[in-house]
Protein chains: 2
Amino acid sequence: MDPTPKLRMTTQRQVIMEELHKVKSHPTAGELCQMVRRRLPRISLGTVYRNLDILSRSGLIQKLDVAGQEMRFDGDIRDHYHLRCLECGGVSDVEMALLTDIDQEVEKASGFEVLGHRLEFVGRCPSCRRDKRAN
Amino acid sequence: MDPTPKLRMTTQRQVIMEELHKVKSHPTAGELCQMVRRRLPRISLGTVYRNLDILSRSGLIQKLDVAGQEMRFDGDIRDHYHLRCLECGGVSDVEMALLTDIDQEVEKASGFEVLGHRLEFVGRCPSCRRDKRAN
DNA sequence: TTCTCCCATGATAATGATTCCTAGTTAATT
DNA sequence: AATTAACTAGGAATCATTATCATGGGAGAA
């Protein structure tokens, strides 16, 4: 229906991307909004959400949809797996080769057309393990 | 602190479990509430949520937390993987051996204490592939 | 059986993340 | 500079989920 509207590089959009690329964490929209507000104090949370959505649709960033209630965003668009700390809620990257064969295996076994998979680990991050030891 | 309060097997709780076990789909709380209401028309959605939570904490059912906005529930408590149809939103089981080694591998490589992982596939279910062909 | 305790229920309000709406603003193009 | 479609801020609306609270009812003791 609608031809894709042409993107404009607004200040807000620019700063959102920059701030997201600065960190290796995987912030939520709210966290990112706080970060951006240090430079653009009047930016609204809705704008952050809208731009994160647009940027991820354009393939410039990644919308993570990891377990948990809040969506997270990643400036690294390479396909990779994640690890969530149950204690602090943080999400880290996993250095691990992608599983390349399982999609086809599952496709054969299930009758589904398999387009991809999502693998994520849960556990306790080094920092939280350290804290626990202190208790 | 609190000794776990003793569970009372109420009619509502009973019926929720029965209805969940009847299906091989992985209903949301709302869907399950509709199913249960055919037998207990006055049950409230809050009761369904509360009991699903209690039952999953007790290990009698599984809370799925698959990608997407709504939580889903599974009467099958065996550890297994899932497959989500992007078209109809349905969630199916995958017949596939569990990946047993990767947790330890990731633990060694990452410094995290890895407690488990969650793997889910995305694609199109046989039924939606069939519909698509008709277009 | 009756009393008492206490967990459970139903109804509804509250919360929190996300999306939608609208009037005013701005980047890109001519 | 003028034009215009895309964008923004702010707030309202939505949707899933959780909390609150007065009432209900089952299990054990008397």
Side-chain angles (χ1 to χ4, degrees), chain A residues 1-20 26-58 60-73 84 89 91, chain B residues 1-20 26-58 60-73 84 89 91:
Chain A
M1 306 285 111
D2 273 349
T4 311
K6 52 194 73 154
L7 288 192
R8 231 160 40 180
M9 188 48 66
T10 61
T11 313
Q12 288 86 341
R13 193 163 292 166
Q14 182 78 47
V15 173
I16 288 170
M17 270 191 68
E18 287 177 10
E19 291 298 317
L20 181 55
H26 304 75
T28 63
E31 289 165 353
L32 196 47
C33 187
Q34 296 300 332
M35 295 160 58
V36 171
R37 278 196 174 140
R38 293 197 300 257
R39 291 171 61 187
L40 304 175
R42 304 196 54 74
I43 198 174
S44 93
L45 180 55
T47 298
V48 174
Y49 268 107
R50 182 166 15 81
N51 278 305
L52 286 171
D53 190 58
I54 290 171
L55 290 169
S56 68
R57 282 176 198 280
S58 311
L60 294 169
I61 66 169
Q62 226 185 328
K63 190 184 271 199
L64 283 191
D65 201 9
V66 291
Q69 50 301 324
E70 281 182 80
M71 199 69 77
R72 288 173 177 271
F73 299 88
R84 169 183 286 272
V91 174
Chain B
M1 305 288 111
D2 272 347
T4 312
K6 53 195 78 156
L7 287 192
R8 202 179 280 171
M9 189 46 70
T10 62
T11 313
Q12 287 85 341
R13 196 162 289 167
Q14 182 79 47
V15 173
I16 288 170
M17 271 191 67
E18 287 176 11
E19 290 298 316
L20 182 54
H26 304 76
T28 63
E31 289 165 353
L32 196 47
C33 187
Q34 296 300 333
M35 295 160 59
V36 171
R37 278 195 174 140
R38 294 197 300 257
R39 293 172 60 186
L40 304 174
R42 306 197 52 75
I43 196 173
S44 93
L45 180 55
T47 299
V48 174
Y49 268 107
R50 182 165 14 82
N51 278 308
L52 286 171
D53 190 59
I54 291 171
L55 289 169
S56 67
R57 282 176 199 280
S58 311
L60 295 169
I61 67 170
Q62 228 185 328
K63 190 183 270 198
L64 282 192
D65 201 9
V66 292
Q69 49 302 322
E70 281 182 79
M71 199 69 79
R72 286 172 177 272
F73 299 87
R84 170 182 286 273
V91 175

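Note: hydrogens, waters and symmetry copies are ignored here, and every other heavy atom, side chains too, is used.
- For the pair L32(B) CG and dT17(D) P, the interatomic distance rounds to 12 Å; values are reported in whole Å.
- Among L32(A), L52(A), V91(A), D65(A), the single residue meeting the side chain to side chain contact (heavy atoms under 4.5 Å, CB included) criterion with R72(A) is V91(A).
- Closest heavy-atom contact between M9(B) and Q14(B): CG-OE1, 3.3 Å.
- Proximity of a side-chain donor or acceptor of R84(B) to a complementary backbone N or O of G89(B) within less than 3.5 Å is detected.
- At a threshold of 4.0 angstrom between heavy atoms, the contacts of D53(B) with the nucleic acid are absent.
- Distance I54(B) CD1 to dT9(C) C1': 11 Å, rounded to the nearest Å.
- Side-chain N/O atoms of R42(B) include none lying less than 4.0 angstrom from OP1 or OP2 on dT9(C).
- Although no hydrogens or angles enter the test, the distance criterion places a donor-acceptor pair under 3.5 Å between the side chain of R13(B) and the main chain of R8(B).
- Between dC7(D) and R13(A), a contact under 4.0 Å exists linking OP1 or OP2 to a side-chain N or O.
- Of the residues near DNA chain C, T10(A) and A29(A), the one whose nearest nucleotide (by heavy atom distance) lies more toward the 5' end is A29(A).
- If you measure from atom CG of L40(B) to atom C1' of dA8(C), you get 14 Å, rounded to the nearest angstrom.
- Sequence order on DNA chain D of the closest nucleotides to Y49(B) and P41(A) puts P41(A) first from the 5' end.
- When the P atom of dC7(D) is taken as reference, atom CZ of R57(A) falls 13 Å away, rounded to whole Å.
- L64(B) has its CG atom 17 Å from the P atom of dA16(D), to the nearest Å.
- We find that CG of L45(B) is positioned 12 Å from P of dA11(C), with the value rounded to whole Å.
- Judged by closest nucleotide on DNA chain D, R37(A) is the one of G46(B) and R37(A) placed further toward the 5' end.
- Distance check, rounded to the nearest 0.5 Å: CD1 of I61(B) to CD1 of I16(B) gives 8.5 Å.
- The side chain of T47(B) contributes an N or O atom lying less than 4.0 Å from OP1 or OP2 of dG10(C).
- Listed nucleotides: dT8(D), dC6(C), dA6(D). Nearest to the side chain of R8(B): dC6(C).
- Between Q12(B) and the phosphate of dG10(C), there is a side-chain N or O to OP1/OP2 separation shorter than 4.0 Å.
- Taking atom CD on E70(A) and atom P on dA16(D), their separation rounds to 17 Å, with Å as the unit.
- One atom, CE of M9(B), and another, P of dC7(C), lie 16 Å apart when rounded to the nearest Å.
- One finds no side-chain N or O of R50(A) lying less than 4.0 angstrom from the OP1 or OP2 phosphate oxygen of dT19(C).
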